[in-house]
Amino acid sequence: MKSKVESQQEESNTDNDFSEMSDTQVRRRGPPKKPITKNKLPNLERNVPIIIKNNNFVIRTIWTIVMILGFMAVLWAGHIYIIGLVLLVNIGIFKEILGLKRNYEKEVNVKYSPIINWYFFGIATFFCYGKLLQSKLSEYAFRMHILSYILNYHNIITFMLWVAGFLMFTLSLKKGYYRYQFRMFGWTHITLILVVAQSSVMIMNIFEGIVWFILPCSLVITNDIFAYIFGVSFGKTPLIELSPKKTWEGFIGGCFSTLIASFCFAYFLQGSQYLTCPQHQLPFSPFASLTCEIPSVFITSQRQLPFSILGIDLIYFSDFQIHAMVFSLFTSLVSPFGGFFASGFKRGIKIKDFGDTIPGHGGITDRMDCQILTGMFSYLYLHQIVLPKAVTLGTVLGYVSQLSNYDQQELFEQLKQTLQIDQ
């Protein structure tokens, strides 16, 4: 008799040779027996990935709508509330990036390390916001002597506060954790320079007109959307190894689409005084109206084209629309590399997202990686090219508040005489 092992080998050989048999041999021996599969997955379990994907899409869509509505509400609330939004974004980005290097097991024995890191964040925020808002706060400095003192000695106060943090860090060093503590010290300061300092300059754009804050942010989002559409529809040529899904077709299509969209966005945005008027104070009342004499950069005028296009020699547009097209070129050609940089960074430390603060979107840093570069460019372009080099009342008051009481009285007498002569 054949052993059980031999019979199993014959059955397996028969099954293996069945594919090599002719049709006549198949009809004689009959079709092969179908293997019996046990514990076959039901349809529901096989469709789990699809269900999860659809659920993530729904969550992402809902939170996208929530963020858009929230952003619009903050915009209409006023300048001070937009500053609060920028500060919250800074806090979120700092928390997420700092969390990438934190070791919670080691921090059990190094208790003051997180406190010191956030202390340095507070000092950086105090320095950046104080420096940028100094001219806006000068009006209040005459009423509050403490504020006047802080503004006059802002730089030395900031430095001494940093020195206090430096001393706390040095005293907190603990044997066996030196490398971790110094790594976090350097990581904290690099994050403050690259993220907090750059994103803080956005608040100066806000006071020159909310439109200078809305337009760059909108163009980054527009470029991202159209680059995705053109990439999915026509993309074949890979753009960069860091982001395999990015294509040249999407990159170029997004650039031209954003260029056209910027001209149209600027046309509609320049018609609102609330968005275009500069704000020289710090109003705390929400949803306050704002009126002013419209700056010349937003006034539409007739321009002569260098050559005729379909018989058209003249066209009406404003300087703001031209500036908007410059912004669109930066947001299309340079800003995406902020996202590529973030993608390479995430691949380097093997994470998918910087955090999970926003359901369906990842972290705040994942949504702001392109906005940080754009904010810095907008600030420099606006204050170096667009705005005239004029002395404002806030700037004058800032200098006056630094004078002694005797010099302020002397200045008052001279102004009084000058005004009497003019009358």
Side-chain angles (χ1 to χ4, degrees), residues 53 56-72 75 85-86 89 92-93 96 195 198-199 202 205 211-266 268-269 324-347 352-378 381:
K53 185 176 181 180
N56 290 337
F57 176 78
V58 172
I59 295 174
R60 185 183 181 92
T61 303
I62 292 174
W63 276 93
T64 299
I65 297 173
V66 170
M67 287 190 295
I68 292 174
L69 295 177
F71 182 68
M72 293 177 63
L75 288 179
L85 176 63
V86 174
V89 169
I93 294 176
E96 290 175 354
V195 178
Q198 290 196 61
S199 59
M202 293 181 182
N205 298 349
V211 69
W212 298 108
F213 175 75
I214 296 177
L215 181 66
C217 295
S218 302
L219 292 179
V220 170
I221 298 172
T222 301
N223 180 73
D224 191 33
I225 293 173
F226 279 102
Y228 174 79
I229 293 174
F230 277 90
V232 171
S233 303
F234 310 103
K236 294 181 180 179
T237 310
L239 174 63
I240 189 169
E241 186 178 353
L242 290 173
S243 296
K245 294 183 180 180
K246 304 293 183 181
T247 62
W248 276 104
E249 292 79 4
F251 186 77
I252 296 173
C255 179
F256 280 102
S257 300
T258 308
L259 188 66
I260 297 172
S262 66
F263 193 84
C264 300
F265 285 170
F268 290 104
L269 292 175
M325 296 177 73
V326 175
F327 282 133
S328 71
L329 291 176
F330 186 88
T331 56
S332 301
L333 302 177
V334 180
S335 296
F337 283 86
F340 300 153
F341 177 86
S343 297
F345 184 82
K346 288 186 288 187
R347 290 176 182 274
K352 181 181 179 182
D353 298 314
F354 283 98
D356 55 358
T357 308
I358 309 174
H361 289 266
I364 297 176
T365 312
D366 295 290
R367 302 275 66 83
M368 295 295 297
D369 48 10
C370 298
Q371 298 283 2
I372 295 174
L373 271 177
T374 307
M376 177 58 75
F377 171 77
S378 302
Y381 183 85

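As the structure is a computational prediction, the values presented were derived from the model and not from experiment.
Relative ring orientation between Phe377 and Phe327 is described as perpendicular, the plane-to-plane angle rising above 60° on a 0-90° scale split at 30° and 60°.
Judged as a ring-ring contact (aromatic ring centres under 6.0 Å, His included), and not counting sequence neighbours, the contacts of Phe340 are Phe337. For Lys346, the salt bridge (charged side-chain N to carboxylate O under 4.0 Å, His left out) criterion is met by Asp366, not counting sequence neighbours.
Thr374 and Ser335 form a side-chain donor-acceptor contact under 3.5 Å, judged by distance and modelled atom types alone.
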Check residues 249-259 and write down every donor-acceptor pair under 3.5 Å in which the side-chain atom is one partner and the other belongs to a residue at least two apart or another chain.
| from | atom 1 | to | atom 2 | distance (Å) |
| --- | --- | --- | --- | --- |
| Glu249 | OE1 | Lys236 | N | 3.2 |
| Glu249 | OE1 | Thr237 | N | 3.2 |
| Glu249 | OE2 | Thr237 | OG1 | 3.0 |
| Ser257 | OG | Gly253 | O | 2.8 |
| Thr258 | OG1 | Asn223 | OD1 | 3.3 |
| Thr258 | OG1 | Gly254 | O | 2.6 |

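A 4.5 Å side-chain heavy-atom check between Met67 and Ile62 finds every atom pair outside the cut-off. Between Phe265 and Thr222 the shortest side-chain heavy-atom distance falls below 4.5 Å.
Around the CE atom of Met72, the shell of radius 6.0 Å holds no more than 12 heavy atoms that belong to other residues, nucleotides or ligands. Crowding of Phe71 atom CZ: a count of heavy atoms from other residues, nucleotides or ligands under 6.0 Å exceeding 12. More than 12 heavy atoms of other shown residues, nucleotides or ligands fall within 6.0 angstrom of atom CG in Asp353.
In this structure, Ser332 contributes its side chain and Leu329 its backbone to no donor-acceptor pair below 3.5 Å. A donor-acceptor contact shorter than 3.5 Å is absent between the side chain of Gln198 and the backbone of Gly375.
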